[in-house]
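Notes follow the structure.
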Amino acid sequence: QVRLVESGGGLVEAGGSLRLSCAASGRTFSNYDMAWFRQAPAKEREFVGAVNPSGSNRLYADSLKGRFTISRDNAKNTVYLQMNSLKPEDTAVYYCAAREYGGRLIRTLYNYWGQGTQVTVSS
């Protein structure tokens, strides 16, 4: 029903910045909570951040210490993840996820997933 395609991953030096994009299909994008997750090798997938349909509310993982910013452009059916002050430990596959609007942002129970984009931070 919902197709998500991530892009923008790549290799970046420690301390640098990178912006990931997630393009969503369909005309119901504005009715979905959108989120970013990441998974490093041999580790479980972890929540990064989420944004509500209007873009007025955001939720972040505490461990990111404010370095990441999630935003969305409903006119383009796209959600973004701006990553600043990147560290080698940020290296992971980053996934875009979506769920039907629930009135409150959560860290789990996202129904739709993209294939992921690799982010590698060199030291």
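These values consider heavy atoms only, across backbone and side chains, with no hydrogens, waters or symmetry-generated copies.
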Applying side chain to side chain contact (heavy atoms under 4.5 Å, CB included) to Val121 and Glu89, what does each step give before you reach the verdict?
CA-CA 8 Å; Val121 184; Glu89 50 263 45; over 6 Å; no

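Under the salt bridge (charged side-chain N to carboxylate O under 4.0 Å, His left out) criterion, Arg19 pairs with no residue, sequence neighbours left out. Applying the salt bridge (charged side-chain N to carboxylate O under 4.0 Å, His left out) rule to Glu46 yields the partners Arg38; only residues at least two apart in sequence or on another chain are considered.
In this structure, Ser25 contributes its side chain and Arg3 its backbone to a donor-acceptor pair below 3.5 Å.
Interatomic distance, Asp73 CG to Phe29 CZ, rounded to the nearest 0.5 Å: 8.0 Å. Expressed to the nearest 0.5 Å, how far CD of Gln82 lies from CG of Leu18 amounts to 8.0 Å.
Taking both residues in full, the closest heavy atoms of Gly102 and Asp33 are given as N-OD2, 3.5 Å, listed atom of the first, atom of the second, then distance. Considering every non-hydrogen atom in both Ser85 and Arg67, the closest pair reads O-NH1, 3.1 Å. Residues Thr91 and Ala40 approach most closely at O-CB, 3.7 Å, considering heavy atoms.
In this structure, Asn31 and Pro53 have side chains that are not in contact, with every pair of non-hydrogen atoms separated by 4.5 Å or more. Contact check for Met83 versus Asp90: no side-chain heavy atoms found under the 4.5 Å cut-off. The closest side-chain heavy-atom distance from Arg104 to Asn52 is not below 4.5 Å.
Here Val93 is tied into one hydrophobic group with Phe37, Phe47, Leu59, Tyr95, Leu105, Ile106, Leu109, Tyr110, Trp113, each link being a pair of ILVMFWY side chains closer than 4.5 Å.
Put simply, Tyr112 and Val48 are part of the same group of oily side chains (I, L, V, M, F, W, Y) that touch within less than 4.5 Å, one to the next.
Put simply, the residue from Cys22, Ser21, Ser71 that forms a side-chain contact (heavy atoms from CB on, under 4.5 Å) with Thr78 is Ser21.
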Just distance, no hydrogens or angles: give the donor-acceptor pairs under 3.5 Å from side chains in residues 5-16, sequence neighbours left out.
residue	atom	partner	partner atom	Å
Glu6	OE1	Gln115	N	3.1
Glu6	OE1	Gly116	N	2.9
Glu6	OE2	Cys96	N	2.7
Glu6	OE2	Gly116	N	3.2

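Among pairs with a residue in residues 48-94, none fulfils disulfide (SG to SG under 2.5 Å), at least two apart in sequence or across chains. For residues 56-85, no pair satisfies ring pair (Phe, Tyr, Trp, His ring centres under 6.0 Å), with sequence neighbours left out.
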